[in-house]
Amino acid sequence: MTDPHPDQPHPDQPHPDQTDTDQTDADLPGADGTDGTLTLDAAPPGIPDGARVWLVPTPVGNLGDITLRALEVLRAADAVACEDTRRTGALLTHLGIRKALVRLDAHTMRRAPQVLEKYPRLAYVSDAGTPGISDPGAELVQAAVAADIPVEVLPGATAFVPALVLSGLPGGRFTFEGFLPRSGRERKERLSAVAARSETSVLYESPHRLQATLLDLAQACGEGRAASVTRELSKRFEETARGTLSELAAHFGGAVRGEIAVVVAGRSDAEVAAEAAQVDHLGQAQAWAAQGLGVRDIRELLVSQGLRKNDAYTLALQATGTHAGPRPPAVPETRLP
């Protein structure tokens, strides 16, 4: 995943005293071609001939999470296109693969048709995770489809699925939000959407904006809404913190490292029931208005059902189509001499 607003060094850089994996090239299955199951020095039989684009997931942390299929494709490609040639070059060196590298990020993706013409069998990787998920990749697929070039997307590493499962929140239905806008009306609308939906929401955030986003979520969803924060997935210092949004905002008030996935519970049954009750009150008020009852009578009936006077008065006005009139002028106070 790539933050669309990077203004600090990439948070996925390892801590000076941290090693992302203890695995070496020799530990990779089939890396030496001696186990009889896979030889990586040439394209294996499973790789089709002809022009093709592969979107290849790469590890989000632990380099041991690379798949055998990813290794096959990276070996078979004419070149590897990527967001950052230095990061991808280091990964390929670790894997023992030497390939031409071509930069195709959000700023250079317009060159995709020319790259596809030069390298008919092209593998594309993002900095970490699955290309096209909060990363460039969709534009390359569009260019390949327009050129009638087959496209394959390999299954593999992504951050939001493990974070969702680790949260312990319902995962049968969920919405992936990616990175929220930094500010403005669109951010408020997206926060309101997270607060309103009944299914779980998953979003990405950078470490230096985490607390601000948790506070904004608490304001939109309520401080008691359940949530979790997962950072440094698959690394030595992986952490998943669970609690309410206000508790998590307090927990992550200091310096934070790593790429982050935030999971927010949907509205509770109690919240949904309260909203449904509000709708039922309005329907009942409209029914009374149809029977000829006035604002005062409807308000009193709603108050008897447990509504506050102000809320009951507002619903009575809505039900009768009445606008609140101006208040009568205040009677001047008379002081005795």
Judged by atom type as modelled, is there a donor-acceptor pair below 3.5 Å linking the side chain of [X] to the main-chain atoms of [Y]?
X	Y	value
Y119	A77	no
R197	R267	no
R299	N310	no
R225	A195	yes
E247	T244	yes
D78	R121	yes
R52	D49	no
R231	A261	no
S234	N62	yes
T88	T85	no

Return the minimal non-hydrogen interatomic distance between [X] and [Y], and the atom names on each side.
X	Y	value
A128	V60	CB-CA, 4.0 Å
P57	L154	CG-O, 3.0 Å
A157	T130	O-OG1, 2.7 Å
L282	Q318	CD1-OE1, 3.7 Å
R242	S228	CG-CB, 4.0 Å
Y124	L104	OH-O, 2.7 Å

Within-4.5 Å side-chain heavy-atom neighbours: [X] and [Y]:
X	Y	value
L203	V263	no
E199	T175	yes
F176	I133	yes
V262	I260	yes
L217	L191	yes

Subject >> R173 and T200: CA distance, side-chain angles, deciding distance, side-chain contact (heavy atoms from CB on, under 4.5 Å) verdict >> reply: CA-CA 7 Å; R173 293 178 61 242; T200 303; over 6 Å; no
Original post:
With no hydrogens and no angle check, do the side chains of S201 and E177 hold a donor and an acceptor under 3.5 Å apart?
Top reply: no
Original post:
Is a side-chain donor-acceptor pair under 3.5 Å present for T314 with D311?
Top reply: no
Original post:
Among I47, L74, V56, whose side-chain contact (heavy atoms from CB on, under 4.5 Å) with R69 holds?
Top reply: I47
Original post:
When the ring planes of Y204 and F160 are compared, do they come out parallel, tilted or perpendicular, using 30° and 60° as the limits?
Top reply: tilted
**OP:** Go through D84 and D105 one step at a time and tell me if the side-chain contact (heavy atoms from CB on, under 4.5 Å) criterion holds.
**Re:** CA-CA 8 Å; D84 186 331; D105 58 12; over 6 Å; no
Original post:
Could E83 and R87 be called an ion pair, given the rule that one side-chain N must be under 4.0 Å from one carboxylate O?
Top reply: no
Original post:
Taking a hydrophobic cluster as the set of Ile, Leu, Val, Met, Phe, Trp and Tyr residues connected by side-chain heavy atoms closer than 4.5 Å, whether directly or through intermediates, do I149 and L55 fall within one such cluster?
Top reply: yes
Is the count of non-hydrogen atoms from other residues, nucleotides or ligands lying under 6.0 Å from [X] atom [atom1] greater than 12?
X	atom1	result
E223	CD	no
E117	CD	no
E152	CD	yes

Original post:
Should S126 and D135 be marked as a side-chain hydrogen bond (donor to acceptor under 3.5 Å, both in side chains) after you check the CA-CA gap, both sets of side-chain angles, and the distance that decides it?
Top reply: CA-CA 7 Å; S126 59; D135 275 329; 3.1 Å; yes
Subject >> Criterion side-chain hydrogen bond (donor to acceptor under 3.5 Å, both in side chains) on T213 and D216, from CA distance to verdict >> reply: CA-CA 5 Å; T213 292; D216 286 348; 5.5 Å; no
Original post:
For T230 and E239, what are the C-alpha separation, side-chain angles and deciding distance, and is it a side-chain hydrogen bond (donor to acceptor under 3.5 Å, both in side chains)?
Top reply: CA-CA 6 Å; T230 295; E239 175 189 13; over 6 Å; no
Subject >> Chi angles and distances behind the side-chain contact (heavy atoms from CB on, under 4.5 Å) call for Y313, V295 >> reply: CA-CA 7 Å; Y313 181 61; V295 171; 3.7 Å; yes
**OP:** Show your working on side-chain contact (heavy atoms from CB on, under 4.5 Å) between L71 and I97 and close with a plain yes or no.
**Re:** CA-CA 9 Å; L71 293 173; I97 298 173; 4.2 Å; yes
